[in-house]
Amino acid sequence: HLRLSMYFAVFRYLQTIIQRRIDTSEDRWLECLSAASPKYVNDDVVCLFAKGFSIVFDGEMVLAAHILMPALEALLRQKAEAIHGALKKYGNERNDDVTLDSILRVLEKDFENYDEWFELRSFLTMGIDENYRNRLMHGLMPVNHIYNQGIYLFWLCLKMYFKDWKIDES
(Lines give C-alpha, C1' and ligand atoms only; values in the text may rest on other atoms or scores of the structure.)
Protein backbone atom coordinates (compact mmCIF):
# COMPACT_ATOMS: atom_id res chain seq x y z
CA HIS A 1 0.00 0.00 0.00
CA LEU A 2 2.98 2.26 -0.54
CA ARG A 3 1.31 3.62 -3.66
CA LEU A 4 -1.78 4.64 -1.69
CA SER A 5 0.26 6.50 0.93
CA MET A 6 2.32 8.13 -1.85
CA TYR A 7 -0.89 9.14 -3.59
CA PHE A 8 -2.19 10.95 -0.50
CA ALA A 9 1.18 12.63 0.13
CA VAL A 10 1.38 13.93 -3.44
CA PHE A 11 -2.29 14.97 -3.38
CA ARG A 12 -1.76 16.93 -0.16
CA TYR A 13 1.37 18.55 -1.63
CA LEU A 14 -0.57 19.60 -4.75
CA GLN A 15 -3.31 21.11 -2.58
CA THR A 16 -0.73 23.08 -0.59
CA ILE A 17 0.84 24.51 -3.76
CA ILE A 18 -2.57 25.54 -5.09
CA GLN A 19 -3.64 27.10 -1.78
CA ARG A 20 -0.42 29.11 -1.52
CA ARG A 21 -0.82 30.29 -5.13
CA ILE A 22 2.69 29.28 -6.12
CA ASP A 23 3.43 29.95 -9.80
CA THR A 24 2.75 26.69 -11.62
CA SER A 25 2.50 28.15 -15.11
CA GLU A 26 3.86 26.31 -18.11
CA ASP A 27 6.57 28.98 -18.50
CA ARG A 28 7.68 28.54 -14.89
CA TRP A 29 7.80 24.76 -15.26
CA LEU A 30 9.72 25.11 -18.51
CA GLU A 31 12.25 27.36 -16.78
CA CYS A 32 12.73 24.90 -13.89
CA LEU A 33 12.84 21.78 -16.06
CA SER A 34 15.21 23.32 -18.61
CA ALA A 35 17.62 24.34 -15.86
CA ALA A 36 17.74 20.74 -14.56
CA SER A 37 17.54 18.95 -17.91
CA PRO A 38 20.35 16.53 -18.81
CA LYS A 39 21.96 17.03 -22.24
CA TYR A 40 20.39 13.90 -23.70
CA VAL A 41 16.78 14.97 -22.99
CA ASN A 42 15.12 16.35 -26.10
CA ASP A 43 13.72 19.90 -25.84
CA ASP A 44 10.33 18.66 -27.05
CA VAL A 45 10.14 16.24 -24.13
CA VAL A 46 10.96 19.05 -21.70
CA CYS A 47 8.13 21.12 -23.25
CA LEU A 48 5.69 18.21 -22.89
CA PHE A 49 6.56 17.82 -19.22
CA ALA A 50 6.16 21.58 -18.64
CA LYS A 51 2.75 21.58 -20.32
CA GLY A 52 1.62 18.40 -18.51
CA PHE A 53 2.80 19.59 -15.09
CA SER A 54 1.09 22.97 -15.47
CA ILE A 55 -2.15 21.29 -16.55
CA VAL A 56 -2.07 19.13 -13.40
CA PHE A 57 -2.33 22.32 -11.36
CA ASP A 58 -5.22 23.53 -13.50
CA GLY A 59 -7.12 20.46 -12.27
CA GLU A 60 -7.22 18.82 -15.71
CA MET A 61 -5.67 15.50 -14.67
CA VAL A 62 -7.21 13.55 -17.57
CA LEU A 63 -5.64 15.87 -20.14
CA ALA A 64 -2.39 16.00 -18.17
CA ALA A 65 -2.16 12.19 -18.10
CA HIS A 66 -2.49 12.06 -21.90
CA ILE A 67 0.43 14.50 -22.21
CA LEU A 68 2.62 13.14 -19.41
CA MET A 69 2.43 9.46 -20.40
CA PRO A 70 4.09 9.91 -23.83
CA ALA A 71 6.54 12.38 -22.29
CA LEU A 72 7.55 9.81 -19.65
CA GLU A 73 7.90 7.12 -22.28
CA ALA A 74 10.11 9.38 -24.41
CA LEU A 75 12.20 10.35 -21.38
CA LEU A 76 12.80 6.72 -20.42
CA ARG A 77 13.72 5.88 -24.01
CA GLN A 78 16.20 8.77 -24.15
CA LYS A 79 17.72 7.70 -20.84
CA ALA A 80 18.02 4.10 -22.05
CA GLU A 81 19.70 5.25 -25.27
CA ALA A 82 22.05 7.57 -23.38
CA ILE A 83 23.16 4.64 -21.23
CA HIS A 84 23.02 1.73 -23.70
CA GLY A 85 23.08 3.26 -27.18
CA ALA A 86 20.38 3.07 -29.84
CA LEU A 87 17.58 0.66 -29.00
CA LYS A 88 17.15 -1.97 -31.68
CA LYS A 89 14.28 -4.31 -32.26
CA TYR A 90 15.28 -6.01 -35.51
CA GLY A 91 18.62 -5.91 -37.29
CA ASN A 92 21.12 -3.14 -36.71
CA GLU A 93 18.99 -0.03 -37.30
CA ARG A 94 17.49 2.12 -34.55
CA ASN A 95 13.83 1.30 -34.14
CA ASP A 96 11.24 3.83 -32.96
CA ASP A 97 8.72 1.07 -32.29
CA VAL A 98 10.44 -0.38 -29.23
CA THR A 99 7.78 -0.81 -26.55
CA LEU A 100 7.81 0.84 -23.15
CA ASP A 101 8.14 -2.57 -21.53
CA SER A 102 11.22 -3.27 -23.66
CA ILE A 103 12.70 0.08 -22.64
CA LEU A 104 12.08 -0.69 -18.97
CA ARG A 105 13.71 -4.11 -19.35
CA VAL A 106 16.79 -2.42 -20.84
CA LEU A 107 16.89 -0.05 -17.84
CA GLU A 108 16.40 -2.75 -15.19
CA LYS A 109 20.06 -2.96 -14.15
CA ASP A 110 20.38 0.85 -14.10
CA PHE A 111 17.98 1.19 -11.17
CA GLU A 112 19.80 1.03 -7.86
CA ASN A 113 16.61 -0.24 -6.27
CA TYR A 114 14.92 -3.23 -7.95
CA ASP A 115 11.62 -2.49 -6.19
CA GLU A 116 11.56 1.00 -7.74
CA TRP A 117 12.05 -0.50 -11.21
CA PHE A 118 9.45 -3.21 -10.61
CA GLU A 119 6.89 -0.69 -9.29
CA LEU A 120 7.37 1.49 -12.37
CA ARG A 121 7.13 -1.46 -14.74
CA SER A 122 4.16 -3.08 -13.02
CA PHE A 123 2.20 0.19 -12.86
CA LEU A 124 2.88 1.24 -16.44
CA THR A 125 3.06 -1.95 -18.49
CA MET A 126 2.25 -5.17 -16.68
CA GLY A 127 -1.18 -6.75 -16.48
CA ILE A 128 -0.54 -7.89 -12.90
CA ASP A 129 -1.09 -4.31 -11.78
CA GLU A 130 -2.42 -1.30 -13.65
CA ASN A 131 -0.97 -1.55 -17.16
CA TYR A 132 -1.67 2.17 -16.98
CA ARG A 133 0.07 3.12 -20.20
CA ASN A 134 -1.88 0.81 -22.48
CA ARG A 135 -5.22 1.26 -20.77
CA LEU A 136 -4.83 5.05 -20.84
CA MET A 137 -3.57 5.38 -24.40
CA HIS A 138 -6.17 2.98 -25.84
CA GLY A 139 -9.14 4.56 -24.07
CA LEU A 140 -9.82 1.55 -21.86
CA MET A 141 -9.75 3.36 -18.52
CA PRO A 142 -12.69 5.15 -16.86
CA VAL A 143 -12.19 8.90 -16.48
CA ASN A 144 -12.31 8.80 -12.67
CA HIS A 145 -9.57 6.14 -12.70
CA ILE A 146 -7.43 8.25 -15.03
CA TYR A 147 -7.80 11.13 -12.59
CA ASN A 148 -7.03 9.09 -9.48
CA GLN A 149 -4.06 7.23 -10.94
CA GLY A 150 -2.93 10.37 -12.82
CA ILE A 151 -1.72 11.84 -9.55
CA TYR A 152 0.57 8.85 -9.16
CA LEU A 153 1.68 9.26 -12.80
CA PHE A 154 2.52 12.91 -12.02
CA TRP A 155 4.68 11.75 -9.12
CA LEU A 156 6.43 9.13 -11.27
CA CYS A 157 7.14 11.73 -13.95
CA LEU A 158 8.73 14.09 -11.43
CA LYS A 159 10.71 11.24 -9.91
CA MET A 160 12.02 9.92 -13.25
CA TYR A 161 12.79 13.37 -14.64
CA PHE A 162 14.97 14.29 -11.66
CA LYS A 163 16.32 10.79 -11.01
CA ASP A 164 20.10 10.69 -10.74
CA TRP A 165 21.18 8.22 -13.43
CA LYS A 166 24.81 7.26 -13.86
CA ILE A 167 25.30 8.52 -17.41
CA ASP A 168 28.43 9.88 -19.05
CA GLU A 169 27.21 13.12 -20.67
CA SER A 170 30.49 14.05 -22.32
With a cut-off of 3.5 Å and sequence neighbours excluded, list every side-chain donor-acceptor pair involving residues 101-108.
{"unit_1": "D101", "atom_1": "OD1", "unit_2": "R121", "atom_2": "NE", "d": "2.6"}
{"unit_1": "D101", "atom_1": "OD1", "unit_2": "R121", "atom_2": "NH2", "d": "3.4"}
{"unit_1": "D101", "atom_1": "OD1", "unit_2": "T125", "atom_2": "OG1", "d": "2.9"}
{"unit_1": "D101", "atom_1": "OD2", "unit_2": "R105", "atom_2": "NE", "d": "3.1"}
{"unit_1": "D101", "atom_1": "OD2", "unit_2": "R121", "atom_2": "NH2", "d": "3.3"}
{"unit_1": "S102", "atom_1": "OG", "unit_2": "T99", "atom_2": "OG1", "d": "2.9"}

Next on the checklist: Please determine whether the number of non-hydrogen atoms from other residues, nucleotides or ligands lying under 6.0 Å from atom CG of N113 exceeds 12.
Outcome noted: yes
Do [X] and [Y] have side chains that get closer than 4.5 Å, going by heavy atoms?
{"X": "V46", "Y": "Y161", "result": "yes"}
{"X": "H138", "Y": "R133", "result": "yes"}
{"X": "D58", "Y": "L63", "result": "no"}

Next on the checklist: The criterion is side chain to side chain donor-acceptor pair (under 3.5 Å); which residues satisfy it with N42, sequence neighbours excluded?
Outcome noted: none
Item to check | Non-neighbouring partners of H66 that pass side chain to side chain donor-acceptor pair (under 3.5 Å), sequence neighbours left out | outcome: none
Item to check | Donor + acceptor pair across side chains of E119, Y152 (<3.5 Å) | outcome: yes
Using 0.5 Å steps for rounding, measure from the [atom1] atom of [X] to the [atom2] atom of [Y].
{"X": "D43", "Y": "S37", "atom1": "CG", "atom2": "OG", "result": "7.0 Å"}
{"X": "Q149", "Y": "L124", "atom1": "CD", "atom2": "CG", "result": "10.5 Å"}
{"X": "F118", "Y": "F111", "atom1": "CZ", "atom2": "CZ", "result": "13.0 Å"}
{"X": "L153", "Y": "I146", "atom1": "CG", "atom2": "CD1", "result": "11.0 Å"}
{"X": "I67", "Y": "L72", "atom1": "CD1", "atom2": "CG", "result": "14.0 Å"}
{"X": "L100", "Y": "Y132", "atom1": "CG", "atom2": "OH", "result": "13.0 Å"}

Non-hydrogen atoms of [X] and [Y] that approach each other most closely:
{"X": "A82", "Y": "Y40", "answer": "CB-CG, 3.7 Å"}
{"X": "S25", "Y": "S54", "answer": "C-CB, 3.8 Å"}
{"X": "P70", "Y": "A65", "answer": "CD-O, 4.3 Å"}
{"X": "A50", "Y": "E26", "answer": "CB-O, 3.8 Å"}
{"X": "C157", "Y": "F49", "answer": "CB-CE2, 3.6 Å"}

Next on the checklist: Using the rule given for side chain to side chain contact (heavy atoms under 4.5 Å, CB included), can you reason through D110 versus W117, listing the C-alpha separation, both sets of side-chain angles and the distance that settles it, and then say yes or no?
Outcome noted: CA-CA 9 Å; D110 302 305; W117 171 82; over 6 Å; no
Checklist entry - Could R77 and E81 be called an ion pair, given the rule that one side-chain N must be under 4.0 Å from one carboxylate O? => result yes
Connected via hydrophobic side-chain network under 4.5 Å: [X] and [Y]:
{"X": "L30", "Y": "L75", "value": "yes"}
{"X": "M160", "Y": "M126", "value": "yes"}
{"X": "W155", "Y": "L68", "value": "yes"}
{"X": "V98", "Y": "V45", "value": "yes"}
{"X": "L140", "Y": "V62", "value": "no"}

Checklist entry - In terms of ring plane angle, is the pair W29 and F154 parallel, tilted or perpendicular, where the classes change at 30° and 60°? => result perpendicular
